[in-house]
Amino acid sequence: MPSSIHGLRIAMIREDGTHPDMTTADVSWRDLRVLRLPATGALPGAAVAIERDGVTWIEQVFAAVDGSPICRFLISGDGRRVLSDSLPDLHRNDRDNLFVEPVMRTILSRMGLVSFHAAALVKQGAAVLIMGRKGAGKSSLAGALYQIGWQPLADDLVRMIDRDGYWHAAAGGTVPRVNADTARALGFDPGALLTRWSIPGVAGNKFLLPAGVFGPPPSEVPIRAVLLLDTRDPALESPRCDRAKGADALRGLIANLTPDPLAFAALPSREAMRVVGGLLRQAAVYRFGLPDRLDALGAAAAAVDACLAREGAPIAA
């Protein structure tokens, strides 16, 4: 796992309890291999506040296919310390994937850092965010943009960073992940691709597209535009890209803020609304419609490029 993710410096603590960069780390993480984990009544991955030695921690337990616990994370109340216990047969990549997304959502929330449920890609030094409900086609469109030269920056979780009043997207999980049908539509053989999870039979397991020729992603990139994906429309013949304005753009951004995992129904924080307001001022926000056909992905990616070029979406403040 990289030493920096979502703009935070991560120190993986050694077995002897030390790490050379502990003094400069934003988050310290200690993982122990254990022979068994106790069953809990919580849903797999759900964040639950617990008391341990008089201190409040947030617990997230993840399960194997048969429902038995396979890894448990404890996140401190301020998000700066993480303890995890994992079974020996849990692959290290699977453990790291759990940390990079579902656990990092909790960490960012506890630290008061704003993020979106979105994908982020980079071209010509600026980022576009793709937002939408599950099944709207975020991963499919991100994969299609990747095919025409957009570099992946983050997948599914995008942290916002303020640089002199201009909002940047931080690098996160950078490998595009798609289902088997989308991989085939983009010209890849799923049998030749790695999967996100190494555990056989995991529901919703996706295929990782090749790393490509981009090299390491930048640590953060100014945001140029936001695409709000509508529900896929079987009647739509070609991709649709319309500028979203006013209350429509505002609602679309708020709907895709990462919620507090301990209070999903809570109203957005003041900092979250500051981010939303900043994005409305600096970035072009679009409503994007995808036809409900995988053979339209190439046209959809081309439509994104054409839409941004036609309306002159801003690249800098």
Side-chain angles (χ1 to χ4, degrees), residues 6-8 27 39-52 55-63 67 69 71-82 97-120 129-139 154-162 167 169-170 172-173 203-204 223 226-232 244-280 283 285 287:
H6 300 297
L8 297 177
V27 178
T40 67
L43 293 173
V48 179
I50 66 169
E51 292 292 322
R52 179 172 172 175
V55 178
T56 300
W57 294 76
I58 294 85
E59 180 182 59
Q60 288 180 266
V61 179
F62 299 92
C71 187
R72 180 182 71 161
F73 285 87
L74 291 176
I75 301 102
S76 63
D78 63 1
R80 296 188 177 278
R81 187 180 178 197
V82 179
N97 280 330
L98 291 172
F99 183 90
V100 167
E101 283 189 16
V103 174
M104 279 300 304
R105 285 191 179 93
T106 301
I107 292 172
L108 294 176
S109 175
R110 302 321 298 169
M111 296 178 75
L113 302 175
V114 178
S115 64
F116 284 95
H117 177 211
L129 306 186
I130 305 174
M131 303 180 183
R133 294 181 178 179
K134 183 177 177 62
K138 291 189 301 297
S139 297
D155 186 276
D156 211 45
L157 177 64
V158 182
R159 180 204 161 187
M160 298 290 101
I161 297 178
D162 183 0
W167 290 101
I223 297 167
V226 179
L227 304 179
L228 302 173
L229 297 191
D230 292 326
T231 302
R232 295 194 196 195
K245 298 181 180 179
D248 180 39
L250 175 66
R251 286 193 299 267
L253 292 178
I254 291 175
N256 289 283
L257 285 165
T258 303
D260 183 342
L262 293 178
F264 276 93
L267 294 174
S269 67
R270 179 177 298 180
E271 179 67 4
M273 292 307 298
R274 188 172 79 89
V275 174
V276 168
L279 283 182
L280 290 174
V285 182
R287 282 283 176 188

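Note that this is a predicted model, so its numbers are computed, not measured.
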Mind checking the [atom1]-[atom2] spacing from [X] to [Y]? Nearest 0.5 Å is all I need.
X      : Y      : atom1 : atom2 : answer
Ser139 : Lys134 : OG    : NZ    : 8.5 Å
Asp162 : Trp167 : CG    : CH2   : 4.0 Å
Leu253 : Met273 : CG    : CE    : 9.0 Å
Ile161 : Ile223 : CD1   : CD1   : 9.5 Å
Ile75  : Thr106 : CD1   : OG1   : 5.0 Å

Using a 4.5 Å cut-off on heavy atoms from C-beta on, say whether the side chain of [Y] contacts that of [X].
X      : Y      : answer
Met104 : Leu157 : yes
Val82  : Leu74  : no
Pro102 : Phe73  : no
Leu98  : Cys71  : yes
Leu279 : Met160 : yes
Phe62  : Pro69  : no
Arg133 : Lys138 : no
Asn256 : Leu228 : yes

With [X] via side chain to side chain contact (heavy atoms under 4.5 Å, CB included) - residues at least two apart:
X      : result
Ala272 : Val114, Leu257, Pro268, Ser269
Met111 : Leu8, Val27, Arg80, Ile107, Leu113
Pro44  : Ala63
Ala118 : Phe116, Met131, Val158

[X] versus [Y], closest heavy-atom pair with distance:
X      : Y      : answer
Gln60  : Val103 : OE1-CA, 3.8 Å
Ser76  : Trp57  : N-CE3, 3.4 Å
Gly172 : Ala154 : N-CB, 3.7 Å
Pro261 : Ala47  : CB-CB, 3.7 Å

Pairs in or reaching into [range]: which pass salt bridge (Lys or Arg N to Asp or Glu O under 4.0 Å), with residues at least two apart or in two chains?
range            : result
residues 254-272 : Arg110-Asp260, Glu271-Arg274
residues 99-108  : Glu101-Arg177, Glu101-Arg196, Arg105-Asp156
residues 244-258 : Asp248-Arg287

| query | Just by distance, do the side chain of Thr56 and the backbone of Glu51 share a donor-acceptor pair under 3.5 Å? | reply | no
| side-chain contact (heavy atoms from CB on, under 4.5 Å) with Ile130: which of Asp155, Leu229, Val226? | Leu229
| For Leu280 and Leu250, what are the C-alpha separation, side-chain angles and deciding distance, and is it a side chain to side chain contact (heavy atoms under 4.5 Å, CB included)? | CA-CA 7 Å; Leu280 290 174; Leu250 175 66; 4.0 Å; yes
| note | Sorted by chain and number, sequence neighbours left out, salt bridge (charged side-chain N to carboxylate O under 4.0 Å, His left out) with Arg81 holds for none
